[in-house]
Number of protein chains: 2
Amino acid sequence: MEQDVELSRSCLVERMRYYTPLSDKDKCLLKSLENEEISYRPRTRLSFSENPSYLFVLKSGWLYRYDEIDEKRRQVLRIHYPGDIVGLTDVAMQSAYGEMMTVTETVLCPFHKSRLDDIFIHSPRLTALLFSLGVLNQIVLQDRLKIMGRASATHRVAYFLLEMHARLRIHSPTKSLDRFEMPLTQDVIGDAIGLTNVSVSNALAQLACEGYCTCQHREVILHKLDKLKEMIGFQDRYFEIDTSWFPNV
Amino acid sequence: MEQDVELSRSCLVERMRYYTPLSDKDKCLLKSLENEEISYRPRTRLSFSENPSYLFVLKSGWLYRYDEIDEKRRQVLRIHYPGDIVGLTDVAMQSAYGEMMTVTETVLCPFHKSRLDDIFIHSPRLTALLFSLGVLNQIVLQDRLKIMGRASATHRVAYFLLEMHARLRIHSPTKSLDRFEMPLTQDVIGDAIGLTNVSVSNALAQLACEGYCTCQHREVILHKLDKLKEMIGFQDRYFEIDTSWFPNV
DNA sequence: CGGAAATTTGACGCTAATCAATTTATGTGG
DNA sequence: CCACATAAATTGATTAGCGTCAAATTTCCG
């Protein structure tokens, strides 16, 4: 029991066990990825392009990945929350994809990409889970494509808030979580959904005006969560993984 | 030798061996996924939402996946080429994502999702490859996000043509392939990159006017492939997979 | 060859980008 | 704890690009 409590302190284990029960062996496998720790200050630029052989477990804090398009434009590709594995898009290719920037104080646990082999070789079940989480990521990206392609500025911003809400819910599934911290600036939000900071500001004003939500002082309050979801047809992808076909070993 | 030739007729084996050498066992594993065949006519709507437990190897033909937004709007999420595994976004979740439509005459090989377990259990190396191809897909989606968020209509269309070019190159890496068939209508292209068919038409006219490429009679000719790539900063993601860390079993 | 689908072309309107100025919030040192 | 400097957010005026609607032309396919 003591041991189990000890193991559950792993951020990655917390995340994974949310989707499916884990054997002690699997917990150990995951836990071992968090042996080292590096801390970063807020707003630190992280560039691992020189040798993208390391992945990271994001232990605490927020960071985002972005890619420069030109001097004044960039695309925010992904926002990372605690429990995320960071850097897969770097290690699968021979070169890194964009850069990362910490938002808050951040702790990363680096591990070499060859450590993934341990999982692939020793735990087909964990492998299936990692694989499925990769597919889930594709689905989330596809959702974002849909929004970027066709939705108005207001809908895009609403979508962004709802996706953030869905992400945060994973780590506090009991709470209703109608309010949460928002450390991202409107510039970053805009770069994530293809808008200028001005348009984000206007969209937030309109959402507030219609009573859906407010976003002030780095805090989001979702007054009409369900109505908001309905308005843009939002689906929470983070609760849906089908584990029925996973191998039992 | 005879056997090897026989095995190489598998579309999936062809695709996978492009990225890394495969053992005979791995070839058999992959080949066995193509035991059944179903043919479809062009422009057939495929909906497997009732019970999304089957994946498909796309043996021949083209099809695309899309999702309706409202009556008149849809987002084309992905275009599938021979050798693709189709349907991962359905089986990982408990419900299907959108629908599919064949473009040309198409042959699909269905297999149950539990067959993936065979790969995860028996071939860590093939698992690593499947996993990496999933990550590659995420990268391609991220590239598309970048384009959708910030690029002009002309750049979007140029990007679309170049991505198609990159995809087709996988299956004929020797040819320079500066011209290829384009069975997709401008409506479909537009729905893929967030434009109307009218804007696609205008963008193609401008690209042709500037001498970059022509798209007529269902055929694309890229006159200045390199200049076009340079103009939009295109990177071919399909050649980059890093297999150095894959397990040897 | 004939009907339907796809593409092209043009006129007009709307949304969000751009540029710029102002207000508000944040964080630091005294 | 306050004053100050800087960053972030808000507001407004103007503009460019794409969407929308509609009609004409070309292509496709049985």
Side-chain angles (χ1 to χ4, degrees), chain A residues 41-44 64 69-76 101-105 147-161 181-209 213-220, chain B residues 41-44 64 69-76 101-105 147-161 181-209 213-220:
Chain A
R41 314 238 29 191
R43 282 149 208 270
T44 308
Y64 61 88
I69 297 168
D70 53 47
E71 303 80 40
K72 43 176 60 182
R73 301 240 151 275
R74 62 177 188 169
Q75 177 68 41
V76 168
M101 179 86 82
T102 62
V103 178
T104 63
E105 190 85 25
I147 285 287
M148 304 268 284
R150 297 300 192 189
S152 67
T154 310
H155 281 214
R156 289 193 211 192
V157 171
Y159 167 83
F160 185 88
L161 296 179
E181 290 292 306
M182 166 58 85
L184 303 171
T185 66
Q186 295 180 0
D187 262 302
V188 176
I189 297 174
D191 287 338
I193 54 180
L195 296 172
T196 59
N197 59 343
V198 178
S199 293
V200 173
S201 177
N202 289 332
L204 283 170
Q206 189 178 334
L207 287 170
C209 169
C213 59
T214 54
C215 179
Q216 282 177 339
H217 310 289
R218 303 284 146 101
E219 188 190 41
V220 173
Chain B
R41 316 242 22 198
R43 281 147 209 271
T44 308
Y64 60 90
I69 296 169
D70 52 48
E71 304 81 38
K72 45 176 57 182
R73 301 240 149 277
R74 64 178 186 166
Q75 177 67 42
V76 168
M101 178 86 80
T102 61
V103 178
T104 63
E105 191 85 24
I147 285 288
M148 305 269 283
R150 297 301 190 187
S152 69
T154 310
H155 281 214
R156 291 193 209 191
V157 171
Y159 167 85
F160 185 87
L161 297 179
E181 291 293 306
M182 166 57 85
L184 302 171
T185 66
Q186 296 180 2
D187 261 303
V188 177
I189 297 174
D191 287 339
I193 55 180
L195 296 172
T196 60
N197 60 341
V198 179
S199 292
V200 173
S201 177
N202 290 333
L204 282 171
Q206 189 179 335
L207 288 171
C209 169
C213 59
T214 54
C215 179
Q216 281 177 339
H217 310 290
R218 303 284 145 104
E219 187 191 41
V220 173

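Chain identifiers are assigned alphabetically (A, B, ...) following the order of the sequence lines, protein sequences preceding nucleic acid strands; residue numbering begins at 1 within each chain.
In terms of modelled atom types and a separation under 3.5 Å, the side chain of A/R41 and the main chain of A/T104 share no donor-acceptor contact. Using modelled atom types, no side-chain atom of B/T44 and backbone atom of B/T102 make a donor-acceptor pair closer than 3.5 Å.
Within the nucleic acid shown, A/N197 has no heavy atom closer than 4.0 Å to any nucleic acid atom. Base contact: A/V198 has a heavy atom under 4.0 Å from a base atom. Nucleic acid contact for A/L195: sugar-phosphate only, since backbone atoms but no base atoms lie under 4.0 Å from a heavy atom of the residue. Within 4.0 Å of A/G190, counting heavy atoms only, lies no atom of the nucleic acid at all.
Of the candidate nucleotides D/dG19, C/dA16, D/dC18, D/dC18 has the atom lying nearest to any side-chain atom of B/S152. The nucleotide whose nearest atom lies closest to any side-chain atom of A/K72 is, among C/dT18, D/dC18, C/dC19, C/dC19. Listed nucleotides D/dC18, D/dG19, C/dA16 differ in distance to A/R150; the shortest reach to its side chain belongs to D/dG19.
Atom CZ in A/R43 sits about 5 Å away from atom P in D/dA8, given to the nearest Å. Whole-Å rounding puts the B/R218 CZ to C/dT7 P distance at 5 Å. Straight-line distance from the CG atom of A/D191 to the C1' atom of C/dA16: 15 Å, rounded to whole Å. Spacing between atom CE of B/M148 and atom P of D/dG19 amounts to 11 Å, rounded to whole angstrom units.
Using a 4.5 Å heavy-atom cutoff, the side chains of A/R150 and B/D191 are in contact.
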